[in-house]
Amino acid sequence: MVTGASSGIGEATAIACDEQGATLLLLGRNEERLNHTLSKLSSRNHKILAIDLAEFEVVTAQLPVFLQDVPHLDGMVHAAGITSTYPFKLFKTEQLDNILKVNVQAAFYLTKLVLTKLNKEGSSLVFISSIMASVGEKAKTMYAMSKGAVSAGAKSLAIEYASRKVRVNTIAPGIVNTPMTANATYKTNENLLAETLAKYPLGFGEPEDVAHACVFLLSDASKWMTGTEITLDGGYSAK
Amino acid sequence: MKEQLINIVKEALDLDQDVMITDHFESFDTWDSLGKLSLIALIDEHFELQLSDEEFKSFETIEDLYNALLAKKA
Ligand SMILES: NC(=O)c1ccc[n+]([C@@H]2O[C@H](COP(=O)([O-])OP(=O)(O)OC[C@H]3O[C@@H](n4cnc5c(N)ncnc54)[C@H](OP(=O)(O)O)[C@@H]3O)[C@@H](O)[C@H]2O)c1
């Protein structure tokens with residue numbers, strides 16, 4: 001299962017998993033773009049579900065129906081998420097509520113609902129967190145809080161479910177070229193772009209860079225890894 | 001709307017002095033990337049109008065911004 005499969009990192013992950021021969025369940029809000037992702041895949045056995053994962057009542061009602069004919073899940077990549085660039089002095093509890101609802105609650109509620117479907121022989125859950133979970137940038141306080149919660153929650157989940165052969169890991173990307181970052185301030189201002197790029201020894205990432213790490217975490221090549229975060233940031237945080 | 005915009009600029013740039021519609025953004029010490037980001041966010045919130053960083057480059061005074069907002073609203 002790949003969430004956020006209608007765009008960016010989720011879409012690239014769907015493509016990479018398809019190339020590895022996986023049968024996929026693709027989730028996102030926009031049905032048209034989910035179908036567009038589907039059109040790029042080689043196998044015809046994949047299924048899509050257009051759903052707002054932060055509408056918990058809808059998720060409660062629709063997800064079990066969607067999963068009915070699915071024998072089991074070998075893994076999940078949760079890439080659905082939103083960002084926010086908001087100077088702290090404009091902080092509002094409603095805005096924090098909203099980002100926590102989408103980035104944190106939706107992630108873990110979905111996980112709870114799929115637990116019984118996980119392959120008893122072993123499965124792997126991957127959450128896309130962010131480098132902002134461990135370093136800071138201006139105007140990123142609320143986003144950082146949400147990603148910090150994802151990274152922290154995943155670790156305890158890894159411990160709680162290790163005996164059930166469920167591995168849980170996170171990926172913490174730096175700036176990746178996706179629709180999410182296409183309109184960011186640093187992309188529309190030359191000086192700021194140069195300043196931001198200078199912080200990235202290997203430049204900004206591409207969605208495939210994250211997708212490949214997802215494939216690794218989903219596969220048995222990482223069978224001894226759980227409760228870990230892979231930092232994927234072109235050297236940004238090594239300085 | 002003029003008065004409201006001036007108050008928004010004051011909030012975004014942490015100004016407690018008197019601000020005139022003809023004032024230049026560059027004349028404020030707090031006119032930096034974070035100040036601009038705050039202003040963009042407040043304009044979105046109060047007027048439901050989205051301005052890009054690029055558009056801001058052409059505004060020298062608050063009045064330039066005001067005129068651009070009027071044009072967007074129309
Ligand atoms: N791009 C970066 O620089 C970067 C860096 C670090 C971490 N990340 C994280 O990576 C993840 C993917 O980001 P991206 O760059 O690929 O962003 P993106 O291109 O904007 O894609 C976000 C995806 O999440 C889905 N989504 C958002 N809210 C949803 C909701 N309520 N219910 C269901 N789906 C929802 C979107 O669905 P629809 O489009 O169909 O609405 C879309 O498929 C996010 O968690 C983001 O925080 C990104």
Side-chain angles (χ1 to χ4, degrees), chain A residues 7 30 81-103 130-132 135-147 174-200 204 236, chain B residues 1-19 23-73:
Chain A
S7 179
N30 185 303
I82 54 172
T83 190
S84 112
T85 306
Y86 222 65
F88 185 69
K89 69 176 174 207
L90 306 179
F91 177 90
K92 284 197 191 65
T93 54
E94 299 82 32
Q95 253 150 354
L96 180 61
D97 279 348
N98 184 51
I99 197 160
L100 291 179
K101 191 172 177 198
V102 178
N103 286 358
S130 164
I131 194 66
M132 288 302 123
V135 302
E137 281 290 354
K138 286 177 187 169
K140 284 292 179 191
T141 308
M142 287 193 268
Y143 179 68
M145 285 194 252
S146 75
K147 292 303 189 179
I175 295 173
V176 181
N177 292 318
T178 70
M180 180 180 275
T181 52
N183 297 315
T185 351
Y186 52 79
K187 289 272 176 79
T188 56
N189 175 315
E190 263 173 52
N191 295 339
L192 214 53
L193 178 62
E195 219 175 274
T196 312
L197 256 177
K199 296 181 185 170
Y200 281 78
F204 297 152
Y236 168 82
Chain B
M1 183 173 158
K2 248 182 209 172
E3 197 59 31
Q4 194 184 1
L5 181 62
I6 288 179
N7 286 331
I8 285 174
V9 170
K10 286 170 84 169
E11 185 183 348
L13 305 184
D14 294 321
L15 306 169
D16 47 20
Q17 73 263 38
D18 281 341
V19 170
D23 282 347
H24 281 65
F25 286 112
E26 295 294 344
S27 69
F28 305 122
D29 291 344
T30 46
W31 182 240
D32 53 12
S33 62
L34 207 59
K36 197 183 288 183
L37 215 56
S38 304
L39 187 52
I40 291 174
L42 284 174
I43 287 170
D44 187 2
E45 192 178 315
H46 289 270
F47 303 125
E48 291 183 355
L49 289 173
Q50 290 81 36
L51 285 168
S52 71
D53 206 67
E54 196 58 37
E55 286 172 280
F56 256 95
K57 275 191 196 154
S58 59
F59 308 150
E60 287 183 8
T61 64
I62 302 175
E63 196 158 27
D64 294 339
L65 166 63
Y66 176 71
N67 290 331
L69 291 177
L70 278 188
K72 278 210 179 217
K73 269 263 189 246

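Below, chain A is the first sequence line, B the second, and so on; all start at residue 1. Just the heavy atoms: all of them, side chains too, but no hydrogens, waters or symmetry mates, feed the values below.
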Fill in the blank from the handout: Heavy atoms of L37(B) and A139(A) approach each other most closely as CD2-CB, 3.6 Å

Problem - Neighbour count above 12 (heavy atom, 6.0 Å) for E48(B) CD - result: no

Exercise for the section: Using heavy atoms and a sub-4.5 Å threshold, report which of residues 57-67 of chain B line up against chain A, by residue number. Expected result: K57(B)

Problem - Winner by heavy-atom pair count (cut-off under 4.5 Å) against chain B, out of K89(A), K187(A), E190(A) - result: K89(A)

Practice task
Name the region of S38(B), side chain, backbone, both or neither, that has any atom closer than 4.5 Å to a heavy atom of chain A.
Solution key: both

Practice task
Step through the shown structure and confirm whether more than 12 heavy atoms of other residues, nucleotides or ligands are within 6.0 Å of CG on N7(B).
Solution key: yes

What side-chain donor-acceptor pairs closer than 3.5 Å can you find for residues 91-98 of chain A, not counting sequence neighbours?
residue: K92(A); atom: NZ; partner: E45(B); partner atom: OE1; Å: 2.9
residue: K92(A); atom: NZ; partner: E45(B); partner atom: OE2; Å: 2.8
residue: Q95(A); atom: NE2; partner: Y86(A); partner atom: OH; Å: 3.4

Practice task
Kindly check if the number of other-residue, nucleotide or ligand heavy atoms within 6.0 Å of NZ (K72(B)) is above 12?
Solution key: yes

